[in-house]
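Quick note: residue numbers are just sequence positions, from 1. Keep in mind that this is a model prediction, so the values were computed, not measured.
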Amino acid sequence: VQLQASGGGLVQAGGSLRLSCAASVRGFRTYSLAWFRQAPGKEREFVAAAAGGDPSTAYADSVKGRFTISRDNVKKTVYLQMNSLKPEDTAAYYCAGRTGGIVDYGPLYVLWGEGTQVTVSS
């Protein structure tokens, strides 16, 4: 397993969760890492990404100001801090990695972890 996501759970609206994704790849620092999510009956969508090699980040408009992506290159882990959660954030969240720059297009990511479920109750 090269990417392992964890940290999902059930939370009330307005609450917070922090997702983690631990990587077991060589050259972790060179990987751009992203979070995507998929709700039942909906297509997978980009959430956030952090570049490898520089501090650049990117966010979907729907999560800007509420979610923060960060990475620890020593621990080979990427995090997604999710605050002010809304019921519409309910989805399975997936981490993904690629050796290029940040993109919001899932098929360009070559590494994928199994999803971790986030459920936000109203």
Side-chain angles (χ1 to χ4, degrees):
V1 176
Q2 293 185 298
L3 295 177
Q4 182 68 54
S6 62
L10 173 64
V11 64
Q12 289 188 332
S16 298
L17 281 175
R18 188 177 80 155
L19 305 183
S20 300
C21 178
S24 56
V25 294
R26 298 186 66 178
F28 177 82
R29 294 174 183 268
T30 66
Y31 278 78
S32 291
L33 299 159
W35 290 94
F36 289 78
R37 66 187 182 186
Q38 187 167 20
K42 295 187 177 181
E43 294 189 353
R44 181 178 60 194
E45 64 174 355
F46 170 79
V47 176
D54 69 71
S56 301
T57 57
Y59 295 91
D61 288 343
S62 60
V63 306
K64 279 181 181 177
R66 300 188 298 121
F67 290 11
T68 302
I69 189 170
S70 61
R71 59 190 294 163
D72 184 329
N73 289 333
V74 174
K75 294 183 177 179
K76 293 187 177 181
T77 301
V78 61
Y79 303 97
L80 185 68
Q81 177 66 43
M82 305 185 294
N83 298 328
S84 302
L85 282 161
K86 304 175 181 180
E88 50 263 43
D89 294 318
T90 295
Y93 283 71
Y94 299 86
C95 56
R98 67 188 301 267
T99 54
I102 290 176
V103 296
D104 61 3
Y105 185 55
L108 293 181
Y109 286 82
V110 296
L111 298 177
W112 287 88
E114 294 187 2
T116 185
Q117 180 67 36
V118 172
T119 303
V120 184
S121 63
S122 57

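Nearest heavy-atom pair, Gly52 versus Ser32, reported as atom, atom and distance to 0.1 Å: N-OG, 3.4 Å. Thr116 and Leu19 make their closest contact through CG2-CD2, 4.0 Å (heavy atoms, listed as atom of the first residue, atom of the second, distance). In this structure, Ala13 and Pro87 approach most closely via the heavy-atom pair CB-CD, 4.1 Å.
Sorted by first and then second residue, the pairs that involve residues 91-122 and meet disulfide bond (SG atoms under 2.5 Å apart), not counting sequence neighbours, are Cys21-Cys95. Within the structure, every pair that satisfies the side chain to side chain donor-acceptor pair (under 3.5 Å) test and touches residues 80-92, not counting sequence neighbours, is listed here: Ser16-Asn83, Arg37-Asp89, Arg66-Asp89, Gln81-Asn83.
To the nearest 0.5 angstrom, Lys76 atom NZ is 10.0 Å from Tyr31 atom OH. For the atom pair Gln38 CD and Glu43 CD, the distance stands at 8.0 Å (nearest 0.5 Å). Atom-to-atom distance recorded for Phe28:CZ and Leu3:CG is 8.5 Å, nearest 0.5 angstrom.
Within a 6.0 Å radius of CD in Gln117, more than 12 heavy atoms belonging to other residues, nucleotides or ligands are found.
Under the 4.5 angstrom side-chain criterion for Ile, Leu, Val, Met, Phe, Trp and Tyr, the cluster partners of Phe36 are Phe46, Tyr94, Val103, Tyr105, Leu108, Tyr109, Trp112.
Evaluation of the side-chain contact (heavy atoms from CB on, under 4.5 Å) rule for Arg29 yields Asn73, Val74 as partners, not counting sequence neighbours. Residues passing the salt bridge (Lys or Arg N to Asp or Glu O under 4.0 Å) test with Asp54: none are found, sequence neighbours excluded. Residues passing the side-chain contact (heavy atoms from CB on, under 4.5 Å) test with Ser6, sequence neighbours excluded: Ser20.
Leu80 and Leu10 are members of different hydrophobic clusters when ILVMFWY side chains are connected at heavy-atom separations under 4.5 Å. Linking ILVMFWY residues whenever their side-chain heavy atoms come closer than 4.5 Å, directly or via other members, leaves Leu111 and Ile102 in distinct clusters.
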Please evaluate residues Phe67 and Leu17 with respect to the criterion side chain to side chain contact (heavy atoms under 4.5 Å, CB included), reporting the C-alpha separation (whole Å), side-chain torsions for both, the decisive distance (0.1 Å), and the verdict. CA-CA 10 Å; Phe67 290 11; Leu17 281 175; over 6 Å; no
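Side-chain atoms of Tyr79 never come within 3.5 Å of backbone atoms of Thr68 as a donor-acceptor pair (strictly under, hydrogens ignored).
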